[in-house]
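Below you'll find the structure, written out as structure tokens, and then a few comments.
Chain letters run A, B, ... following the sequence lines, proteins first and then strands; every chain starts at 1. Basis for what follows: all heavy atoms, side chains included, without hydrogens, waters or symmetry-related copies.
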Number of protein chains: 2
Amino acid sequence: MTYCVGMMLNRGLVFMSDTRTNAGLDNISTYGKMKIWEAEGDRVITLLSAGNLATTQAVVSELDERVKAHGERNPSVLESASMYQVARLVADTLRDVIARHSDTGQRASSVFNATLILGGQIAGGPPRLFLIYPEGNFIEAGPDTPFFQIGEIKYGRPILVRAYDPDLDFNEAMKLLLVSFDSTVKANLTVGAPFDYHLYTVDSLVRGDTGRVEQDDPYFQTISQGWGDALKQALDSLPAFGSMSGN
Amino acid sequence: MTYCVGMMLNRGLVFMSDTRTNAGLDNISTYGKMKIWEAEGDRVITLLSAGNLATTQAVVSELDERVKAHGERNPSVLESASMYQVARLVADTLRDVIARHSDTGQRASSVFNATLILGGQIAGGPPRLFLIYPEGNFIEAGPDTPFFQIGEIKYGRPILVRAYDPDLDFNEAMKLLLVSFDSTVKANLTVGAPFDYHLYTVDSLVRGDTGRVEQDDPYFQTISQGWGDALKQALDSLPAFGSMSGN
């Protein structure tokens with residue numbers, strides 16, 4: 001499995017992905033699941049992927065090939081005129097890759113499936129964030145659904161639902177995401193550190209802060225250990241059952 | 001779906017279950033998923049069920065029939081000599097019910113599946129808590145795994161993992177469970193209030209406090225609304241990303 005989040009804030013886009021891949025519990029590896037394309041001053045595009053590793057790597061490779069092969073009829077992610085067209089291109093590539101592997105007569109196409117989060121900004125347009133399905137269709141984030149999760153999304157969802165605020169600054173968003181990732185890691189072996197992140201500032205049109213948070217990172221350790229105590233204090237702050245009339 | 005939790009505390013056993021059943025999003029009903037058998041002074045047994053409603057109702061009905069038909073060769077849950085034997089009886093009944101429906105040539109047996117939490121105490125023995133699988137085998141709670149969840153378990157798991165303590169009193173445990181259930185309800189339409197609960201006091205051998213928490217229960221509303229603020233304060237209490245050396 002995998003856990004990735006793409007989040008739309010007033011000050012920009014925040015992306016985080018884990019790095020664990022597994023083919024069974026006895027075959028665990030570390031692979032980055034975040035890809036960034038950048039043309040400074042023109043566009044910054046971030047792609048997060050969950051699902052079959054061969055599929056997601058093929059998607060990224062095909063998109064990369066197209067970036068390198070200039071002059072073709074079809075524009076690459078660095079040439080598409082809008083984020084919507086980038087999303088179409090990525091979605092079509094994903095659908096084609098899945099279809100190609102499924103055509104070989106394998107038992108089920110679902111094993112080749114993958115889901116993607118795509119976000120970025122192109123000069124002249126606003127930042128946009130998409131969730132791309134294996135069927136090649138996609139949805140866009142908006143004020144009602146300002147963040148997307150893919151992969152093992154359930155454990156880390158409640159804290160995002162409760163604490164997300166479009167006015168969060170990047171440091172607060174990183175804290176929130178690390179709590180969400182830590183809750184997931186603590187409950188599910190198929191998600192694991194290190195975590196990659198990218199903090200894109202709206203209208204900057206250059207790659208923002210990127211980095212990798214390791215399991216033994218002192219800040220992550222502080223969050224991971226402090227969150228348990230903080231949760232207990234949060235529980236303590238609520239009234240006890242039976243203390244209110246009617247119970 | 002469903003969400004049920006059985007929890008072992010030093011002062012007794014705590015059970016909570018939601019009441020939503022659905023056959024598609026347009027066919028939602030309310031059914032209790034908690035069954036209590038009691039022989040005052042001798043035993044109290046609680047059963048929580050998740051899965052196919054026809055299967056879980058059949059299991060409870062078969063166990064009830066056996067309780068009414070005295071004098072048979074096979075003892076009922078009110079006659080079995082130990083909680084282990086009760087668990088065997090319930091597990092065998094579950095497996096038989098699933099096998100019977102699967103034999104009719106339906107497409108897949110999984111649609112008839114169900115998972116159960118069984119807990120209780122019989123005079124002369126300690127309180128015991130079991131998780132029973134559709135295959136008819138089961139595992140028992142212990143100090144390392146002091147609570148079981150069935151159904152839609154992921155959203156509500158992180159708070160249980162963090163805040164469970166065997167020394168919790170019943171009011172604290174109810175608060176913890178209501179937070180866990182609220183987190184699940186907020187994220188998943190297939191789990192819904194009201195919530196049934198049973199608080200069994202160790203060595204009492206009588207049914208403990210039981211009741212139903214409705215969606216509009218003032219205490220539940222206080223917890224549901226207060227938890228969001230409490231979580232945000234908990235997040236605020238942790239240091240900001242970038243505030244520690246090395247980041």
Exercise for the section: Taking all heavy atoms of B:Thr222 and all of A:Pro239, pick out the closest pair and write down the distance. Expected result: CG2-CG, 3.8 Å

Completion exercise
Nearest heavy-atom contact between B:Arg162 and A:Lys232 is O-CE, 3.1 Å

Handout entry: Spacing of B:Ile159 atom CD1 and A:Leu235 atom CG [to the nearest 0.5 Å]
Key =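 So the CD1 of B:Ile159 and the CG of A:Leu235 are separated by 4.5 Å.
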
Exercise for the section: Take atom CG of B:Leu189 as the centre, draw a 6.0 Å sphere, and report whether it contains more than 12 heavy atoms from other residues, nucleotides or ligands. Expected result: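 Not buried by this count: 12 neighbours or fewer within 6.0 Å.
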
Fill in the blank from the handout: Most contact-rich option vs chain B, by heavy-atom pairs under 4.5 angstrom, among A:Ala234, A:Ala187, A:Ser237, A:Ala230, is A:Ala234

Completion exercise
Greatest number of non-hydrogen atom pairs under 4.5 angstrom with chain B, of A:Asp236, A:Leu231, A:Asp229, falls to A:Leu231

Exercise for the section: Anything in residues 172-182 of chain A with a heavy-atom distance to chain B below 4.5 Å? Please list those residues in order. Expected result: A:Met174, A:Lys175, A:Leu176, A:Leu178, A:Val179, A:Asp182

Handout entry: Qualifying side chain to side chain donor-acceptor pair (under 3.5 Å) pairs with a residue from residues 136-149 of chain B, counting only residues at least two apart or across chains
Key = B:Tyr3-B:Gln149, B:Arg128-B:Glu140, B:Gln149-B:Arg157

Problem - Backbone N/O of A:Phe241 and side chain of B:Asn171: donor-acceptor pair under 3.5 Å - result: yes

Practice task
State, yes or no, whether a side-chain contact exists between B:Glu152 and A:Lys154 at a heavy-atom distance under 4.5 Å.
Solution key: yes

Handout entry: Qualifying ring-ring contact (aromatic ring centres under 6.0 Å, His included) pairs with a residue from residues 142-168 of chain B, counting only residues at least two apart or across chains
Key = B:Phe147-B:Tyr164

Handout entry: Contacts of A:Phe138 that satisfy ring pair (Phe, Tyr, Trp, His ring centres under 6.0 Å) - sequence neighbours left out
Key = A:Tyr84, A:Phe130

